[in-house]
Amino acid sequence: MVDPIPFQFPEVYGGLADSEGLLSISSDVLTLEFQIKDGLIGAFKSRVKKVELPFDQIREVQLQSNMLGTNLTVVADSIQLVEDVPNAKQGEFKVKFPRSHRKEAATLAREASVRVSQNKIDRLDRVLDSE
């Protein structure tokens with residue numbers, strides 16, 4: 001289990017809102033818990049939302065790190081799976097990690113990639129076993 005890591009969604013509602021949340025991994029899902037608030041005065045907040053993405057329905061997890069920050073891109077098998085995730089397009093979304101959590105983000109991305117790959121191998125084994 002990887003400890004939850006704080007994240008933000010970039011440019012929520014075209015920059016009119018801010019977001020913050022926690023990203024974590026359990027045995028078979030990637031979990032996002034987040035809240036969106038207005039970007040003007042921060043007085044209006046959404047209820048906390050929770051989205052669980054099973055690893056067997058995630059196609060790819062990719063971490064990009066540079067001087068400007070650390071971003072994680074998740075590509076799901078279905079648009080419907082990420083319909084409640086802000087800024088999700090065509091089954092894909094990005095989250096941004098604070099610089100202070102860069103190492104934890106790399107660990108989480110590596111663990112998520114391993115689980116996605118393991119699920120692909122398991123699926124292939126089942127197909128080969130059924131032949």
Side-chain angles (χ1 to χ4, degrees):
M1 170 113 175
V2 177
D3 289 337
I5 302 172
F7 74 89
Q8 295 179 327
F9 290 108
E11 296 294 316
V12 178
Y13 303 130
L16 297 175
D18 297 320
S19 68
E20 51 189 33
L22 293 173
L23 184 66
S24 62
I25 291 178
S26 63
S27 61
D28 57 349
V29 296
L30 182 68
T31 303
L32 296 101
E33 289 183 276
F34 59 92
Q35 190 171 41
I36 298 172
K37 60 184 176 180
D38 73 274
L40 301 175
I41 58 175
F44 301 103
K45 294 182 181 180
S46 71
R47 63 179 176 78
V48 175
K49 295 180 183 179
K50 184 176 184 177
V51 175
E52 293 183 333
L53 306 169
F55 286 110
D56 63 351
Q57 295 181 32
I58 296 175
R59 194 175 316 148
E60 182 181 357
V61 176
Q62 183 179 24
L63 188 73
Q64 300 99 14
S65 221
N66 59 36
M67 289 175 40
L68 300 176
T70 302
N71 297 309
L72 182 77
T73 302
V74 177
V75 181
D77 286 339
S78 164
I79 293 173
Q80 187 175 18
L81 188 63
V82 296
E83 69 182 341
D84 293 331
V85 176
N87 297 339
K89 292 181 182 169
Q90 298 175 328
E92 180 178 317
F93 67 90
K94 284 186 179 184
V95 298
K96 182 178 180 179
F97 296 104
R99 176 173 276 169
S100 61
H101 291 281
R102 185 176 282 197
K103 288 182 183 177
E104 294 93 335
T107 300
L108 183 138
R110 194 169 31 256
E111 181 65 28
S113 292
V114 166
R115 292 181 191 215
V116 167
S117 296
Q118 186 61 51
N119 273 296
K120 288 178 182 179
I121 291 169
D122 291 346
R123 259 186 291 193
L124 183 59
D125 284 346
R126 284 192 298 272
V127 168
L128 292 174
D129 288 343
S130 67
E131 291 181 353

Does L32 share a hydrophobic cluster with V12, counting links as ILVMFWY side-chain heavy atoms below 4.5 Å and allowing steps through other members?
-> yes
Applying ring-ring contact (aromatic ring centres under 6.0 Å, His included), which residue pairs with at least one partner in residues 101-123 are found, sequence neighbours left out?
-> none
Within the 4.5 Å heavy-atom criterion, are [X] and [Y] side-chain neighbours or not?
| X | Y | result |
| --- | --- | --- |
| F7 | L108 | no |
| D18 | Q8 | no |
| Q118 | I121 | yes |
| D56 | D28 | no |
| T31 | P4 | no |
| N87 | K94 | no |
| F9 | I36 | no |

Fellow cluster residues of L128, listed by chain then number, with links counted only when side-chain atoms sit under 4.5 Å apart = L124
Mark yes when over 12 heavy atoms from residues, nucleotides or ligands other than K120 sit less than 6.0 Å from its NZ; otherwise mark no.
-> yes
Residue set satisfying side chain to side chain contact (heavy atoms under 4.5 Å, CB included) with R47, at least two apart, ordered chain then number -> K49
Does [X] use its side chain to pair, donor to acceptor, with the backbone of [Y] at less than 3.5 Å?
| X | Y | answer |
| --- | --- | --- |
| E92 | V75 | no |
| R115 | S26 | yes |
| T70 | F97 | no |

Spacing of [X] atom [atom1] and [Y] atom [atom2] [to the nearest 0.5 Å]:
| X | Y | atom1 | atom2 | answer |
| --- | --- | --- | --- | --- |
| K96 | N71 | NZ | CG | 6.5 Å |
| S100 | I5 | OG | CD1 | 10.5 Å |
| S24 | K50 | OG | NZ | 7.5 Å |

Between L30 and the options V51, V116, L23, the side-chain contact (heavy atoms from CB on, under 4.5 Å) test singles out L23
Closest heavy-atom pair and its distance - I79, G91 = CG1-N, 3.7 Å
